[in-house]
Amino acid sequence: MKYDYSNLIDYLLDWFDLNARILPWRENPIPYYVWISEIMLQQTRVEAVKVYFDRFITTLPDINALANAKEENLLKLWEGLGYYNRVRNLSKAAKIIMTEYDGKMPADYDALQKLPGIGSYTAGAIASIAFSIPEPAVDGNVLRVLKRVAGSFDDITKEKVKRELEQDLREIMPGDRPGDFNQSLMELGALICIPNGKPLCDKCPIMHLCKAFHQEIQMQIPVKPEKKPRKIENRTILLIEKDKKYAIRKRQEKGLLAGLWELPGLSGKLSAIELTEYLQKQGINFNKIVPMGEAKHIFSHIEWHMVGFYVRLPDADLLAETGNYNTLESSLLTSCIFASTDEMEKEYSLPSAFGAYRNYIKE
Ligand code: SF4
């Protein structure tokens, strides 16, 4: 039997009025701020997003500024947030809004969904919070909360299950406070009906209406099929220094971390001896190799298991006496540029996958 979610509305809104966190994008929920915050929040915790959000809107205060921002600057603003396609899509969408919507976000759920990077969840969030349009915003958090409330064992990874829940909510959305209703569900999912560990049912404003609570099956819901294990890739990462500058190179335009800067690396985990042999074969003279230890970075489908080495090339004045550090055409070094710490700080964004080794970079 279909669960009647309309019974939840008053309890959720009253709870939200008392418990809503003060967040920068909530204080002035103009469409641009709601949009940027929702895109940032897709893969990142609220606490981490606050800092990024403030910096982003200070640097790019409106859609026009976003549309005109250079890609390198956008990537720099996004550095550390990961999933860089999100900021590339923000840029594409901003350009479309400038040309097709006179610089204003369309106050229309369907038009919002046609913009790059905006799916039904984000369109619902922008439409309801910024424009008071009664559309639902269903993401993994909302699915978890409402499937528990309904005591439903539906597989929440199925698109059909999400669409049906959106339709059920669309029928009962409170016309006077659609944005607050959506946010109350998101907030309950973040603070009370939490994703990891036991939900805090004793603090839940809809406990008396929750089937999972009454049947003590909270921990069995939501149902998701087992994820395939991530592919493991072994990598050797090199922090190559010359004259207080560090080698970085651009990744290919397709695939993982597409088009982003990286510390040069090699497939497989090399030992110091293997790396020495490799560099010699490449014709690269070096002063020293220092191990930087192992590190791991988890992407959505892949894990990088890395080992890092600091490689010191001879300084320029030394090179004048000894010849070129790169005696052969080395594909490793010819693909790199050398950037100072200042340039790394201001111009080039390095994905957080390299964070463990980037920390070795000295002023
Ligand atoms: S009672 Fe517990 S399981 Fe049910 S919605 Fe509230 S927190 Fe979630």
Side-chain angles (χ1 to χ4, degrees), residues 1-23 25-26 37-38 41-50 119-122 124-125 127-129 134-227:
M1 206 175 67
K2 204 163 117 174
Y3 190 94
D4 182 2
Y5 293 112
S6 65
N7 295 330
L8 309 178
I9 296 171
D10 289 343
Y11 297 104
L12 284 171
L13 287 175
D14 287 348
W15 176 83
F16 185 67
D17 287 341
L18 277 178
N19 293 281
R21 287 170 293 178
I22 297 168
L23 300 172
W25 47 92
R26 278 195 182 145
S37 65
E38 286 298 339
L41 285 165
Q42 278 169 14
Q43 311 281 350
T44 316
R45 289 176 304 107
V46 165
E47 282 311 309
V49 164
K50 280 182 187 171
S120 65
Y121 165 78
T122 311
S128 63
I129 299 169
E135 286 289 348
V138 175
D139 67 352
N141 279 318
V142 173
L143 275 161
R144 179 179 64 258
V145 173
L146 294 183
K147 289 297 164 190
R148 281 177 173 165
V149 170
S152 161
F153 288 94
D154 287 344
D155 173 354
I156 62 158
T157 62
K158 291 209 164 111
E159 193 58 28
K160 180 172 167 271
V161 169
K162 184 179 163 187
R163 295 281 167 222
E164 280 171 3
L165 184 59
E166 284 173 345
Q167 192 47 40
D168 290 350
L169 289 178
R170 191 167 285 122
E171 286 166 16
I172 60 100
M173 288 297 291
D176 55 340
R177 297 181 66 187
D180 286 349
F181 176 62
N182 281 335
Q183 290 187 90
S184 71
L185 283 168
M186 298 172 198
E187 201 77 338
L188 195 78
L191 301 178
I192 305 290
C193 199
I194 50 180
N196 304 310
K198 250 188 143 202
L200 313 175
C201 301
D202 58 328
K203 293 187 179 157
C204 179
I206 49 174
M207 181 175 76
H208 59 296
L209 298 169
C210 177
K211 290 196 177 176
F213 171 75
H214 288 298
Q215 294 167 24
E216 296 184 13
I217 52 172
Q218 303 96 312
M219 296 303 282
Q220 295 166 43
I221 300 175
V223 172
K224 295 185 211 173
E226 283 278 306
K227 268 194 193 161

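Residues: numbered from 1 along the sequence shown. All ligand and atom numbering here is 1-based and tracks the order in the structure.
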Taking atom CE of Met173 and atom CD1 of Ile9, what is their separation to the nearest 0.5 Å? 8.0 Å
When you measure from atom 3 (S) of ligand 1 to every protein heavy atom, which one gives the shortest distance, and what is it? Gln218 CG, 3.5 Å
Quickly, which of Ile221, Val142, Asp155, Val223 forms a side chain to side chain contact (heavy atoms under 4.5 Å, CB included) with Lys147? Name it, please. Ile221
Does one side chain, of Tyr121 or Gln42, offer a donor that lies under 3.5 Å from an acceptor on the other? no
Separation of Ile206 CD1 from Leu8 CG (nearest 0.5 Å): 5.0 Å
For Leu188, which part has a heavy atom under 4.0 Å from ligand 1: side chain, backbone, both, or neither? neither
Out of Ala212, Cys193, Gly189, the nearest non-hydrogen contact to atom 8 (Fe) of ligand 1 is supplied by Cys193
Under 4.0 Å to a heavy atom of Met207 - the qualifying atoms of ligand 1, by number: 1 (S)
Any idea which atoms of ligand 1 are less than 4.0 Å away from a heavy-atom of Val149? 5 (S)
Under a 3.5 Å distance rule, please check whether Asp202 uses its side chain to pair with a backbone N or O of Met207 as donor and acceptor. no
For Phe213, the ligand 1 atoms with a heavy-atom partner under 4.0 Å come out as 1 (S)
Out of Pro199, Cys204, Gly151, Cys210, whose heavy atom sits nearest atom 6 (Fe) of ligand 1? Cys204
